Number of protein chains: 2
Amino acid sequence: MINNKFGSVDHFLSENNLPFEDFFRFGLSVDCVIFGYHHGTLKVLLIQRGADPFKYQWAIPGDLVSPEEDLDSSAERILQHLTGLKDIYVEQFHTFGQRDRHPAGRVVTVGYFALVESEKYQPVASHWASDIGWFDIRNIPPLAFDHDDILAKGIEFLRKKVRTEPVVFNLLPPKFTLLDIQGLYEALLLEKFDKPNFRKKILSTGVLVPLDEVQTNVAHRPAKLFRFDQERYDTLKGNTINFEL
Amino acid sequence: MINNKFGSVDHFLSENNLPFEDFFRFGLSVDCVIFGYHHGTLKVLLIQRGADPFKYQWAIPGDLVSPEEDLDSSAERILQHLTGLKDIYVEQFHTFGQRDRHPAGRVVTVGYFALVESEKYQPVASHWASDIGWFDIRNIPPLAFDHDDILAKGIEFLRKKVRTEPVVFNLLPPKFTLLDIQGLYEALLLEKFDKPNFRKKILSTGVLVPLDEVQTNVAHRPAKLFRFDQERYDTLKGNTINFEL
DNA sequence: TCAAAAGTGTTCCGAATACACCCATGC
DNA sequence: GCATGGGTGTATTCGGAACACTTTTGA
């Protein structure tokens with residue numbers, strides 16, 4: 001049992017006899033893999049570092065967590081700074097804690113991913129990055145730190161997620177066509193789908209509501225617009241809707 | 001940009017002007033939700049705390065991470081101490097970082113889950129816990145800290161995992177009957193399945209190999225024994241086997 | 001012989017697949 | 001008119017659900 005200024009904390013079974021304080025030496029950061037869907041391609045928002053280490057290299061946006069801050073709040077803060085958006089879809093996916101992952105010391109980072117509607121997003125000027133930009137997930141430059149791993153895990157996580165939950169709608173504007181959804185699934189899963197079958201499948205979930213509205217100014221038959229019905233989804237959820245394709 | 005003894009670290013965009021060192025004040029722990037399958041019920045290994053805080057309350061086994069240690073190594077260390085086992089299935093599932101989750105200070109904990117074969121497990125005497133025991137997942141006592149949340153998330157994670165990957169075999173001995181698997185799925189998902197259909201479904205995955213062996217000393221027709229073929233699974237994996245029931 | 005669980009076969013239905021085809025708009 | 005993408009219908013196949021039935025062992 002270890003006694004210290006925090007009280008008796010036998011929660012810890014560590015065998016090495018470090019002073020208790022030495023266990024409180026970790027830095028904690030949050031990194032956000034931000035996805036967007038633009039013109040038929042799935043993109044990720046990256047920043048270019050303005051200083052060493054990894055100066056001029058691209059990286060996943062992130063920040064140290066303050067000791068006063070919850071993890072989730074920290075992710076929201078970063079996202080708001082970077083995109084100017086509140087209330088976007090955010091979820092934690094994995095924590096990266098390799099001993100040597102950060103040259104500045106022992107920093108463990110919690111990976112979050114976010115889904116933003118491209119139309120709403122306003123690029124935000126920032127003092128901590130020399131540049132910022134969207135990258136096609138099929139063409140990512142080498143990233144700083146272990147951010148390649150983080151990005152890979154983030155994409156993998158989203159691909160799995162999308163098969164069981166209707167999260168893709170967070171990447172689309174409130175009104176969209178069925179082909180918009182199909183294009184998004186195709187960009188994400190790198191796979192082509194049969195149009196009539198995709199349409200049947202996605203409508204059979206019962207969570208899409210047709211609107212009395214169609215596309216305008218298109219050089220072909222205008223497509224009907226739909227919206228995602230969150231409440232309908234919540235009531236149907238018990239029966240496990242399957243978004244598998 | 002922040003300059004300090006670690007060098008120039010503009011990775012961080014924090015706006016409050018805390019000294020850099022103040023960001024390195026986190027404690028980091030690992031908690032392991034250890035699952036076992038005994039006599040038709042799914043169980044979790046818990047320890048009873050021997051001292052304050054939460055004295056005499058049950059908790060998920062865990063420990064502080066040493067600054068010299070990788071996260072995954074830490075989880076393996078805890079598991080080996082507690083069960084005497086190496087090479088068991090371990091996977092990270094979620095990180096819990098609410099500001100007030102630990103009375104001793106700002107401790108963020110990374111949740112892992114492990115699957116152990118009940119036959120192999122040897123209870124290990126420990127100095128940091130006054131008791132240790134398996135609990136049916138349908139009947140868990142109130143737990144210390146935020147361990148109720150951690151356990152709930154761990155179970156949820158395993159339930160999802162089991163639908164896409166053949167992890168359940170890690171809970172069974174190397175040779176098992178088809179009804180063993182069915183019982184395990186039923187205990188995990190709290191649902192009954194039709195025997196003939198379950199059998200067809202699980203055999204259709206192609207990852208089970210029938211052995212030239214049957215049960216002995218049973219008061220009914222002895223069941224054929226099977227083993228899980230990991231290599232076969234790896235080669236079939238591309239075609240996404242579905243373990244959904 | 002009987003209880004208990006192992007194991008097989010068959011029917012039915014709905015969902016996924018693979019197509020061929022028609023429709024509305026801008027230019 | 002014609003290119004372009006929107007949208008519908010159908011025949012076939014495959015897998016899941018439901019359920020009735022036979023087999024093999026110990027006691």
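A note on names: the letters A, B, ... follow the listed sequences, proteins ahead of strands, and every chain is numbered from 1. Values reported hereafter were calculated over all heavy atoms of this structure, with side chains retained and with hydrogens, waters and symmetry mates removed. These numbers were taken from a predicted model, which means no experiment stands behind them.
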When rounded to whole Å, the CD to C1' distance for the pair B:Q215 and D:dT23 reads 15 Å

- Query: Would you say the side-chain atoms of B:N170 pair up with the backbone N or O of B:V167, donor to acceptor, closer than 3.5 Å?
  - Reply: yes

Ranking C:dC19, D:dG7, D:dT4 by distance to the side chain of A:A223, first place goes to D:dG7

- [ ] Check whether the side chains of B:Y56 and B:D131 place a donor and an acceptor atom closer than 3.5 Å, and report yes or no.
- [x] no

| query | Does A:R199 place a side-chain N or O at less than 4.0 Å from the phosphate oxygens OP1/OP2 of D:dT8? | reply | yes

Of B:K224 and A:A219, the one whose closest nucleotide on DNA chain C sits nearer the 5' end is B:K224

- Between A:D180 and A:Y37, do the side chains contain an N or O donor and an N or O acceptor separated by less than 3.5 Å? no

Rounded to whole Å, CG of A:L203 lies from P of D:dG9 at a distance of 13 Å

To the nearest angstrom, the NZ-P distance between A:K192 and C:dC19 comes to 17 Å

Quick note, B:K201 side chain, CB onward, closest among D:dT8, C:dT8, D:dG16 is D:dG16

**Request:** Could you check if a side-chain atom of A:I88 sits within less than 4.5 angstrom of a side-chain atom of A:L115, using non-hydrogen atoms only?
**Result:** no

Exercise for the section: Compare all side-chain heavy atoms of B:L46 with those of B:P141 and state whether any distance is below 4.5 angstrom. Expected result: yes

Does B:A223 offer a backbone N or O that forms a donor-acceptor pair with the side chain of B:Q215 under 3.5 Å? yes

Per nearest nucleotide of DNA chain D, the residue lying toward the 5' end, A:H220 or A:V214, is A:H220

task = Would you tell me whether B:E231 and B:Y233 have side-chain atoms, one donor and one acceptor, within less than 3.5 Å of each other?
result = no

Give me, pair by pair, the N or O atoms of the protein and of nucleotides 10-14 of chain C that are less than 3.5 Å apart, along with how far apart they are.
from   : atom 1 : to     : atom 2 : distance (Å)
C:dT10 : O4     : B:K200 : NZ     : 2.9

Taking C:dA24, D:dT25, C:dC19 as options, the one with an atom nearest any side-chain atom of A:P196 is C:dC19

Of the listed C:dC19, D:dC19, D:dT23, the closest approach to the B:D194 side chain comes from D:dC19

Atom CZ of A:F193 and atom P of C:dC19 are separated, to the nearest Å, by 17 Å

Winner on side-chain proximity to B:R221, out of D:dT4, C:dA24, C:dA5, is C:dA5

The answer to which of A:S204 and B:L178 contacts DNA chain C further toward the 5' end, by nearest nucleotide, is B:L178

To the nearest angstrom, the CG-P distance between A:D180 and D:dG7 comes to 11 Å

> Has the side chain of B:K195 got a donor or acceptor that lies under 3.5 Å from a partner of the other kind on the base of C:dG7?
Replying inline: yes

